[in-house]
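One structure is given below, encoded as structure tokens.
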Amino acid sequence: MATFALTWVYWEEIERTMTTTDNRRLFYDLDRDDLLGFVEAGGWPRYRADQLYDWQQKGITDFSEMKNVPKTIREALSDSFIAAPMSLVSLEASAFDGTKKALFQLMDGHAIETVLMRYGEQRSVCVSSQVGCAMGCTFCASTGLGFVRNLSVGELIGQVLLMRKESREPLTHVTVMGIGEPLLNLSALIPFIHRLSDPKGLNISMRRITVSTCGLPDMMLELANAALPINVAVSLHAPNQKLREQLMPIAKQVDLETLFDACRQLITKTGRRITFEYALFDKVNDRDEDAMELADRLHGMLCHVNLIPANEIAGVPYRKSPADRVKRFLALLEKRRIVASVRRELGSDITAACGQLRRKRESWITP
Ligand code: SF4
């Protein structure tokens, strides 16, 4: 079965995780138990572990910032760990809606993007899950640079903590919708979700965490087995197999019916509604017949369709659907009793599409 061959590739990729320029681990890779183990191994009082954790949550980038921690402990930390998981290269802010987009450089020199979005009182950070992406979606700015490696837990949580520190804003939501396919990095994704929701840490409810996937059935079932009450969004973008394969090459390995079956199992296991992401491209997937076929496919499923007026990207052969087409597509779905909405466009005056900043940066640092 195609999905079996695909699984083998996934695990090979998961093995290619975090590497740094020296042998020290990232301080942010340590969770509370790890910090306690470090403190106990050094013979220091247990409350020191809480102090170290508090400093990590503040987004420190240098151990000298730990003012209430003795020098001996800071030196021991520095011998074994790298304080900062990444450094900020640039932070663009939208003059229209306050969206902020950060470009971070990792310790091995690669770049990732993280975005902070504002909707009313909500402050949502969108993180990348991998350096580059192997999925090759034909409408995506990340596609040309290919896949490099998975991000570690520390690099995932680091994006959230450093974005909070840089923007000086309290966070309410986290989405894993940036560059990469998060379900190919499940071994870091699941502990990351637990750390986000730690009451002694960021304390973000799992119901406010969303993971977006291209739709990899085996991995979706594995995520379902982890029984996390998070939101799952599946990038669908087409109502049928043929069109989906044109937009998303990974679809050639994932039959649409197999994907919908995995979605139904995920809904049954979590009891939560699933979201289908549908980016609209002019005269490609935004016709009346596409809306009607989509409605027929999703009939009876506990789901929500999120229509996305797609960003236009240089070198990508698709145009954004006109506003009246988006409206009509939405109306056709609603007429057939499919719950749907149109995603707000944020950060339109900055390089808003995922991968655009990184593409600029990597073309600059790659010989
Ligand atoms: S849209 Fe997402 S999954 Fe597809 S290539 Fe881009 S980063 Fe990867």
Side-chain angles (χ1 to χ4, degrees), residues 6 9-10 13-14 16 101-104 106 110-115 117 125-151 155-156 159 174-186 188-189 210-220 223 231-238 243-254 256 259 262-263 274-281 284-285 306-318 320 343 345-347 351-363:
L6 202 58
V9 174
Y10 298 160
E13 285 172 354
I14 285 167
R16 296 156 65 187
K101 187 158 191 171
L103 182 70
F104 288 112
L106 303 170
H110 285 292
I112 54 170
E113 294 177 13
T114 309
V115 181
M117 290 164 290
V125 169
C126 177
V127 302
S128 296
S129 56
Q130 297 180 313
V131 179
C133 183
M135 297 294 100
C137 302
T138 56
F139 49 81
C140 175
S142 297
T143 290
L145 295 171
F147 171 75
V148 179
R149 68 171 173 85
N150 280 329
L151 297 183
E155 290 169 325
L156 291 170
Q159 291 175 67
V174 172
T175 60
V176 191
M177 286 190 176
I179 300 167
E181 167 50 63
L183 299 195
L184 291 183
N185 192 10
L186 266 184
L189 180 74
T210 301
V211 172
S212 175
T213 172
C214 275
L216 309 175
D218 293 351
M219 295 308 188
M220 287 170 67
L223 182 66
N231 305 301
V232 174
V234 174
S235 297
L236 192 60
H237 307 314
L243 187 50
R244 196 159 187 266
E245 284 182 19
Q246 180 191 323
L247 293 168
M248 305 173 70
I250 190 66
K252 290 179 187 146
Q253 297 175 58
V254 181
L256 204 48
L259 172 59
C263 291
I274 205 161
T275 295
F276 290 107
E277 306 281 349
Y278 196 105
L280 288 159
F281 302 108
V284 176
N285 64 352
N306 195 14
L307 298 174
I308 306 163
N311 288 300
E312 295 200 4
I313 300 166
V316 169
Y318 306 113
K320 188 175 178 171
R343 185 190 285 177
E345 291 180 75
L346 294 171
T351 40
C354 269
Q356 281 180 300
L357 269 183
R358 178 177 171 261
R359 193 158 68 167
K360 267 201 260 174
R361 168 71 175 174
E362 295 276 314
S363 61

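Note that ligands are numbered from 1 as they come in the structure, with each ligand's atoms numbered from 1 the same way.
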Does any non-hydrogen side-chain atom of E181 lie less than 4.5 Å from one of Q130? yes
CD-CG distance between Q253 and L216, expressed to the nearest 0.5 angstrom: 9.0 Å
Once side-chain hydrogen bond (donor to acceptor under 3.5 Å, both in side chains) is applied, do any residues pair with S128, and if so which ones, sequence neighbours excluded? none
d(T213 OG1, E277 CD) to nearest 0.5 Å is 11.0 Å
Is C133 close enough to atom 8 (Fe) of ligand 1 that one of its N, O or S atoms comes in under 2.8 Å? yes
Could you pull out all residues at least two apart from A279 that satisfy side chain to side chain contact (heavy atoms under 4.5 Å, CB included)? H237, F281, I308, A310
Contacting atoms of ligand 1, where contact means under 4.0 angstrom from a heavy atom of C140: 1 (S), 5 (S), 6 (Fe), 7 (S)
Within 4.0 Å of some non-hydrogen atom of M135, the atoms of ligand 1 are 3 (S), 8 (Fe)
Strictly under 2.8 Å, is atom 4 (Fe) of ligand 1 approached by any N, O or S atom of C214? no
Is a donor on one side and an acceptor on the other found under 3.5 Å between the side chain of Y278 and the backbone of N285? yes
Look at atom 5 (S) of ligand 1 and find which of G215, G178, C137, S235 reaches it with the closest heavy atom. C137
List every atom of ligand 1 that sits less than 4.0 Å from any heavy atom of G136, numbering the atoms from 1 in the order shown and giving each element. 5 (S)
Counting each atom of ligand 1 from 1 as listed, which ones have a heavy atom of G180 under 4.0 Å away? 7 (S)
